[in-house]
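The structure under discussion appears below in the form of structure tokens.
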Amino acid sequence: MAVAAFKGLFNSKFDGNKMTERKSSGRRRVFVQTETGSVLGIELDRSDNAHTVKRKLQIALNVPIEERSLIFGDVVLKNDLSTVRNDSPLLLTKNFMHRSSSTPCLSPTGKDMQQRDQSGPIEILVCSDHFSRIRKLVREIVEAMKFGIDPIPVCGGLGGAYYFRDCQGENCAIVKPTDEEPYAPNNPKGFVGKALGQPGLKRSVRVGETGFREVAAYLLDYDHFANVPSTALVKVTHSIFNVNGEVNGTKQQERKEFSKIASLQQFIPHDFDASDYGTSSFPVAAVHKIGILDIRILNTDRHAGNLLVRKIDGGGGLDQAELVPIDHGLCLPENLEDPYFEWIHWPQASIPFSEDELEYISHLDPFRDSELLRMELPMIREACLRVLVVCTIFLKEAAISGLCLAEIGEMMSREFRGQQEEPSELEFICIEARRLLEERNMLSDNVRAVENEFQFEIDCEEESDITCNLEKKLAPQACWPLGGNIRNPLSKVEENVEECTEEDGNIIPPRSDEYAFTAQEKAPTVPRLSMSMKNVSIGDKSWKHENVMQKNGYLSGTSSGNRSVNEQFAGSTRFVKLADMSEEEWVQYLENFQHLVHLAFSNRKSASVGQRQRQRLGTSCQF
């Protein structure tokens with residue numbers, strides 16, 4: 001896709017933000033969550049700012065607000081709250097630079113909540129037309145709660161989860177509070193120790209942020225293609241929820257109502273999960289559709305336990321069974337992670353895509369997907385959306401090149417060699433795309449430095465001529481340029497490269513028609529890029545830095561057990577990190593990435609054809 005097309009899509013993004021600001025200018029309601037999981041619904045006036053919101057929270061919940069910031073996704077809110085949409089969740093968290101353990105953070109009491117939070121028992125956050133089924137489900141649950149049908153805790157899993165029931169006492173929804181996730185403050189199963197917003201089970205998925213990822217997977221499952229159950233982000237109030245001991249360590253003696261932000265997903269009755277039965281008999285189409293979704297969202301936790309199986313019409317075989325994917329809280333990480341695809345070695349994954357599946361993939365638009373998530377989940381981080389874009393482009397190019405689901409999954413998965421974990425083929429392509437971007441930026445900086453030096457020469461010569469003419473009129477002396485000898489304009493090129501600062505990111509790179517620097521010319525010319533990309537040097541050094549101390553404190557040339565690729569690249573500008581690029585750099589990066597992906601698949605296809613020809617030739621020579 002051309003750069004102009006990318007720019008047009010990003011411009012539409014900014015227009016969407018402006019629309020959001022106009023809609024958010026009036027009276028709105030937000031749900032503020034503290035680090036310990038306490039939640040309060042607050043009505044915002046036009047005069048409200050971050051300080052007044054924190055003050056209201058302090059009065060209502062008796063929580064400290066000193067050295068704490070109000071967070072909305074990637075944004076630290078200050079005076080302007082115009083970007084906050086109605087029913088949005090906010091997070092009150094400690095400032096990273098001023099941590100203090102001297103001030104306790106108290107949990108709310110039921111009395112405080114009843115006095116100050118007038119919202120209903122279940123409120124859908126950022127509600128839209130996409131959640132019509134959830135709205136009906138919520139009405140059924142609220143009606144059942146009026147009749148005393150309370151939810152029940154789920155025993156399995158690492159985090160807190162609850163079955164909410166309908167008026168018949170049947171499970172109809174599963175609710176997972178964000179502050180009861182693994183490592184979260186109110187985890188009921190002993191997995192505590194971190195505040196909301198800190199790295200969780202996966203380094204690229206923060207504690208308290210798996211809930212909106214569950215919703216994102218549902219929103220991205222267009223036309224119920226992969227069969228993801230209806231899911232929404234809610235604020236729910238009930239006494240069943242877990243709140244760990246107060247500051248003095250004593251447990252709550254009586255059940256009080258607590259409000260929490262949680263994901264609410266429709267409960268799907270099922271016969272068993274994929275771990276309870278042989279997987280070879282599952283329908284090919286069902287496996288393909290779930291795999292396509294997992295690749296798009298870079299699911300790092302697709303194991304057999306989160307694939308529910310429903311027998312259709314009570315048949316004995318599973319060739320007509322229905323697969324239901326659940327538990328998508330570890331998808332859309334902020335950086336490229338090593339995915340886990342349970343289906344990667346299933347026989348169905350090695351069968352080519354059908355025409356309907358190829359058509360579905362061809363109509364996927366990662367930029368439209370990003371806009372949808374920005375509108376429905378305004379708290380989502382931009383880094384997650386960039387991972388979505390990269391993985392969707394990779395999927396589309398792979399499908400065009402004729403790769404099957406298993407081949408795509410293998411190219412996205414990392415390998416262990418010895419005691420080291422190596423980047424996947426997808427990550428190597430991303431690393432190379434970033435190297436090309438940095439080389440282009442460096443070239444642009446050098447050209448600008450040369451142009452400035454030439455301009456300096458011209459200015460000096462003009463000033464020198466004027467001075468010489470004046471001196472000639474005043475006295476017959478030899479003319480010398482002011483300031484002594486003029487330096488060679490190229491002599492500062494290397495110096496300017498070493499003196500690059502953060503301001504260099506604002507420099508506009510040259511157009512491709514001005515300078516003969518393109519991704520095609522800089523990309524390595526190898527017969528099989530998809531395999532030999534791992535041997536490509538990244539800049540002057542390969543990705544394995546010999547005996548160099550990284551910021552994480554390890555010597556990369558020494559053996560210290562299995563270290564992830566994230567640790568090996570810690571502090572390096574060539575790590576596959578997508579969030580640190582400007583919008584302009586991101587557009588150029590995607591152009592490099594798409595070219596390299598296309599080249600990788602073309603070379604892979606050519607190598608495969610050549611191998612088949614050699615096999616046929618070897619067979620014919622035997623006769």
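Just so you know, residue 1 is the first one in the sequence shown, and it goes up from there.
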[X]-[Y] side chain donor-acceptor pair, cut-off 3.5 Å:
{"X": "S424", "Y": "E427", "value": "yes"}
{"X": "H270", "Y": "D273", "value": "no"}
{"X": "E214", "Y": "S263", "value": "no"}
{"X": "Q265", "Y": "S230", "value": "no"}
{"X": "D369", "Y": "Y222", "value": "yes"}
{"X": "E337", "Y": "S204", "value": "yes"}
{"X": "N299", "Y": "D301", "value": "no"}

**OP:** Evaluate the criterion salt bridge (Lys or Arg N to Asp or Glu O under 4.0 Å) for residue pair R165 and E140; output intermediate values, then yes/no.
**Re:** CA-CA 8 Å; R165 300 182 286 177; E140 294 176 2; over 6 Å; no
Original post:
For the atom pair CZ (R368) and CD (E371), what is the distance rounded to the nearest 0.5 Å?
Top reply: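 Atom-to-atom, R368:CZ and E371:CD are 11.5 Å apart.
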Subject >> Rounded distance (nearest 0.5 Å) linking atom CD1 of I152 with atom OH of Y162 >> reply: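 Interatomic distance, I152 CD1 to Y162 OH, rounded to 0.5 Å: 12.0 Å.
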Subject >> Sidechain N-carboxylate O distance under 4.0 Å for K260, D179 >> reply: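 Looking at K260 and D179, the cut-off is met.
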Original post:
If you measure from the Lys or Arg side-chain nitrogens to the Asp or Glu carboxylate oxygens, is any gap between K189 and E180 under 4.0 Å?
Top reply: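 Not counted as a salt bridge, because no side-chain N and carboxylate O are separated by less than 4.0 Å.
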Original post:
So F241 and F164, would you call those rings parallel, tilted or perpendicular, with 30° and 60° as cut-offs?
Top reply: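 Tilted: the ring planes of F241 and F164 meet at 30° to 60°.
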